[in-house]
Trainee: 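Mind having a look at this structure? Questions to follow.
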Amino acid sequence: GQQVMQIPQYQHVQEGEDFTTYCNSSTTLSNIQWYKQRPGGHPVFLIQLVKSGEVKKQKRLTFQFGEAKKNSSLHITATQTTDVGTYFCAGRMDSSYKLIFGSGTRLLVRP
Amino acid sequence: GAGVSQSPRYKVAKRGQDVALRCDPISGHVSLFWYQQALGQGPEFLTYFQNEAQLDKSGLPSDRFFAERPEGSVSTLKIQRTQQEDSAVYLCATKRGSSSYNEQFFGPGTRLTVL
């Protein structure tokens, strides 16, 4: 079936270090969304990527969508303790409203 | 309201009991999704409503799971004869339109524990 794989499962960094999480789909995606879930919280929408090769930035966060629209990445520059949480990618296949979530990458930041 | 609300926030049920989980969407949001999130995993799709129509229920794990949204607003997810494997956080998410490109707004979830 449709799968979205995400790595790494965990990342523990020192504050100020960079962080990257990667997302891969077994099938071509029409778009991909990224969500952040704080400990004990619910997923909160960060961004959506639609176009092949698209790159979007939000302050220290950079999101990329692969040329083949099968992979994506989220890069955080100079992490802060407020970045702590689990980051999920969620892909949508063509002609579907269903989001397929990755298993998430849990980010821990040492102050 | 200001956001998606869910009730109860926590539910403990004995195995075999029936439970009902409620979702109040953001006013005017057409689309409503239910997800199941196991510990350490991403949300897994259960079912989708567009207004009152349940367009997809392919993610419901068994016929013990039933969802409804009779007036196109509040939705209820019912689980009959609960089993231990039903223990999870149940998330409701809504979005403004029916387009694939709208962001989803999640509620706080209901944490169900089946003993």
Side-chain angles (χ1 to χ4, degrees), chain A residues 1-10 21 23-25 28-51 54 56 58 63 65 69 72 74 85-108, chain B residues 2-7 9-10 21 23-26 29-51 53-61 67 88-111:
Chain A
Q2 301 156 352
Q3 280 194 323
V4 174
M5 309 300 292
Q6 198 172 347
I7 57 169
Q9 188 175 5
Y10 298 98
T21 173
C23 189
N24 285 284
S25 169
T28 301
L29 302 171
S30 64
N31 61 73
I32 195 161
Q33 297 180 357
W34 284 89
Y35 290 80
K36 177 182 178 181
Q37 187 171 22
R38 293 183 185 276
H42 56 275
V44 175
F45 176 83
L46 293 176
I47 208 157
Q48 176 171 265
L49 303 169
V50 178
K51 299 177 183 176
E54 188 170 15
K56 286 189 176 180
Q58 287 180 351
F63 303 84
F65 201 8
K69 300 183 73 173
S72 182
L74 158 59
T86 301
Y87 292 85
F88 292 100
C89 61
R92 180 174 283 109
M93 317 300 167
D94 281 338
S95 303
S96 172
Y97 39 72
K98 192 186 301 187
L99 276 179
I100 308 297
F101 279 79
S103 53
T105 296
R106 184 178 175 189
L107 173 63
L108 302 171
Chain B
V4 180
S5 59
Q6 292 186 245
S7 60
R9 292 293 312 278
Y10 303 91
L21 313 180
C23 173
D24 284 79
I26 295 171
H29 275 202
V30 166
S31 298
L32 186 146
F33 298 79
W34 282 99
Y35 293 89
Q36 181 189 61
Q37 187 174 26
L39 191 63
Q41 298 297 314
E44 286 203 18
F45 171 84
L46 294 177
T47 188
Y48 167 63
F49 289 87
Q50 190 176 112
N51 295 306
Q54 188 175 21
L55 298 187
D56 189 336
K57 54 182 181 179
S58 63
L60 296 177
V89 175
Y90 291 85
L91 294 164
C92 174
T94 71
K95 62 188 179 83
R96 187 174 63 245
S98 57
S99 164
S100 297
Y101 300 97
N102 297 144
E103 69 178 272
Q104 294 189 14
F105 294 86
F106 281 81
T110 295
R111 182 178 297 278

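Note that the structure is a prediction, hence the values are computed from the model and not measured.
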Trainee: Heavy-atom distances under 4.5 Å only: say whether A:Leu99 touches chain B with side chain, backbone, both or neither.
Mentor: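 It is both, since atoms from each part get that close.
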Trainee: Side chain, backbone, both or neither: which part of B:Ser31 has a non-hydrogen atom closer than 4.5 Å to chain A?
Mentor: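 Looking at B:Ser31, nothing touches chain A.
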Trainee: Run the ring-ring contact (aromatic ring centres under 6.0 Å, His included) test against A:His42 and tell me which residues pass, sequence neighbours left out.
Mentor: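 Applying ring-ring contact (aromatic ring centres under 6.0 Å, His included) to A:His42 gives none.
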Trainee: With B:Phe45, which residues qualify under ring-ring contact (aromatic ring centres under 6.0 Å, His included), at least two apart?
Mentor: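 For B:Phe45 there are no ring-ring contact (aromatic ring centres under 6.0 Å, His included) partners, ignoring immediate neighbours.
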Trainee: Go through the atoms of A:Gln6 and report whether side chain, backbone, both or neither lie under 4.5 Å from a heavy atom of chain B.
Mentor: neither
Trainee: Which answer fits A:Val50, side chain, backbone, both or neither, if we ask what part of it has an atom under 4.5 Å from a heavy atom of chain B?
Mentor: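 The answer is the side chain of A:Val50.
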Trainee: Is the shortest side-chain heavy-atom distance between B:Gln37 and A:Phe88 below 4.5 Å?
Mentor: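 Answer yes - side chains close enough.
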Trainee: Taking CD in A:Gln9 as the centre, count heavy atoms belonging to other residues, nucleotides or ligands within less than 6.0 Å. Is the count above 12?
Mentor: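 Open: at most 12 neighbouring heavy atoms sit under 6.0 Å from CD of A:Gln9.
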Trainee: Can you tell which part of B:Tyr35 gets under 4.5 Å to a heavy atom of chain A, answering side chain, backbone, both or neither?
Mentor: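 For B:Tyr35, the contact with chain A is made by the side chain alone.
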Trainee: Count the heavy atoms of every other residue, nucleotide or ligand shown that sit under 6.0 Å from CD of A:Glu54, and state whether that count exceeds 12.
Mentor: yes
Trainee: Of the listed residues (B:Arg111, B:Gln104, B:Gln41, B:Gln50), which shares the most heavy-atom pairs with chain A below a 4.5 Å separation?
Mentor: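 Result: the option with the highest number of such pairs is B:Gln104.
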